[in-house]
Every structure is written in C-alpha cells, then in structure tokens.
Amino acid sequence: MKPFTEDVLEVIRSIPEGRVMTYGQVARAAGSPRAARQVARVLHSMSRKYGLPWHRVINAKGEIALKNEEAAYEQQMSLESEGIVVINGRISLNQFQYEKES
DNA sequence: GCCATGGCTAGTA
DNA sequence: GCCATGGCTAGTA
C-alpha cells in the first residue's frame, strides 16, 4: 500500500465520533491538496475491509455524497447515532466539521 | 479507467 | 452543469 493511501486511512481513522471531515479536507491533511477524488476512491474500495468510520466523510457542501439510496440512508443512520444532525441529506459544517489544530 | 470531488461559470428568476 | 485533477485497487494473465 502506497504512503498516500496509508495517510488517508490514518486521517480518516482520526476523525472523532460525532464529527465529520470533507473529502478535500482529508486530502489536504494527507498532504495532497488536489486529491479529493482519491479519497473517495479509497473509501469506496477500502472502507469495508479496513473498518473505517467512512460515514464521517462528506462533501464540501456538507452533503452525503453517496448516490446509492440504501448506502446514503445507512450513512445518515450512522451519523445520527453519534448525535450529528442530518436534514435533507445535509450536515451543518459549522457545527460538526472536525478541524485539526496545529 | 475509475472515483462517495470541488470550484468556478453561465444562466435563470 | 462543466471539466481539470491525480493517485492507484482490483482483477486478469
């Protein structure tokens, strides 16, 4: 597994319960500011086997990005079980976005 | 070639 | 709604 991938996994694992990060934010934290799509790809193909808190990653607009209805529903349930408020598939980034401090 | 993006326009109201 | 972006997993041979 490549360093970038490992960094992405580590960043995702570091998101605390009850908080979210965006794809772009994860990419930046992993050292590749323009690799937001790769984050999506990693999540798509690796979240199951690596037991990631995949539900805590959303898009820059604060929305659940999954197209698949069932999966999107599952994500919403997981988020709500941690106290994150989801309204019309959208989360308030102001309230729930995790900002790593320096 | 895939991907669960993102940011910036054009075009509507 | 368009399109530039980029690092690589899964699956075949």
Side-chain angles (χ1 to χ4, degrees):
Chain A
M1 181 152 37
K2 297 295 184 175
F4 170 80
T5 305
E6 290 177 348
D7 290 343
V8 167
L9 294 180
E10 188 181 322
V11 171
I12 293 168
R13 281 194 279 251
S14 79
I15 308 172
E17 205 179 298
R19 321 239 61 188
V20 297
M21 286 180 89
T22 68
Y23 298 92
Q25 195 187 356
V26 172
R28 285 194 298 279
S32 291
R34 253 150 277 151
R37 276 197 106 131
Q38 283 56 254
V39 173
R41 207 184 157 284
V42 167
L43 281 166
H44 181 77
S45 57
M46 303 175 81
S47 55
R48 291 280 175 191
K49 20 253 153 198
Y50 287 82
L52 300 173
W54 58 272
H55 58 282
R56 308 212 264 247
V57 186
I58 62 180
N59 74 22
K61 290 178 277 195
E63 297 165 339
I64 289 175
L66 288 165
K67 320 272 191 195
N68 180 285
E69 209 177 320
E70 273 181 70
Y73 180 75
E74 187 187 350
Q75 182 169 12
Q76 174 165 346
M77 290 301 104
S78 301
L79 291 169
E80 288 178 339
S81 75
E82 305 186 349
I84 294 170
V85 179
V86 184
I87 298 167
N88 292 333
R90 171 178 265 115
I91 292 104
S92 163
L93 288 173
N94 285 337
Q95 280 184 74
F96 297 108
Q97 185 170 30
Y98 175 53
E99 312 276 9
K100 233 188 275 193
E101 64 223 79
S102 40

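Note that this is a predicted model, so its numbers are computed, not measured.
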Q.
Need to verify one output field. Residue with the more 5' nearest nucleotide on DNA chain C, A:A35 or A:S45?
A. A:A35

(Q) Using the P atom as the point on both nucleotides, what is the distance between B:dC3 and C:dT12, in whole Å? (A) 15 Å

Q: Kindly compute the distance separating CG (A:N59) from CD (A:E63), expressed to the nearest 0.5 Å.
A: 5.0 Å

Q.
As a quick check of understanding, evaluate side-chain contact (heavy atoms from CB on, under 4.5 Å) for A:I58 and A:Q75, giving each step before the final call.
A. CA-CA 10 Å; A:I58 62 180; A:Q75 182 169 12; 3.9 Å; yes

Q. Could you state the interatomic distance from CZ (A:F96) to CD1 (A:I84), rounded to the nearest 0.5 Å?
A. 6.5 Å

Q: Between C:dG11 and B:dA4, how far apart are the P atoms? Round to whole Å, please.
A: 15 Å

Q: Please round to the nearest 0.5 Å and tell me the distance separating atom CZ of A:R56 and atom CZ of A:R19.
A: 11.0 Å

Q. Is the CZ atom of A:R34 crowded by more than 12 outside heavy atoms at less than 6.0 Å?
A. no

Q. A:H55 and side chain to side chain donor-acceptor pair (under 3.5 Å): which partner among A:E82, A:E74, A:E80?
A. A:E82

Q | Sequence-aligned protein contact record of nucleotides 3-13 of chain B, with B where the base is within under 4.0 Å of a protein heavy atom and S where only the sugar-phosphate is | A | BBBS-------

Q) Between CG of A:L52 and CD of A:E10, what distance do you get to the nearest 0.5 Å? A) 12.0 Å

Q | Exercise: identify the closest heavy-atom pair between A:Q25 and A:Y98 | A | NE2-O, 2.6 Å

Q: Quick one: the dot-bracket string of DNA chain B, using Watson-Crick and G-U wobble pairs with both distances under 3.5 Å, [ ] for crossing pairs and | for bases paired to another strand.
A: |||.||||.....

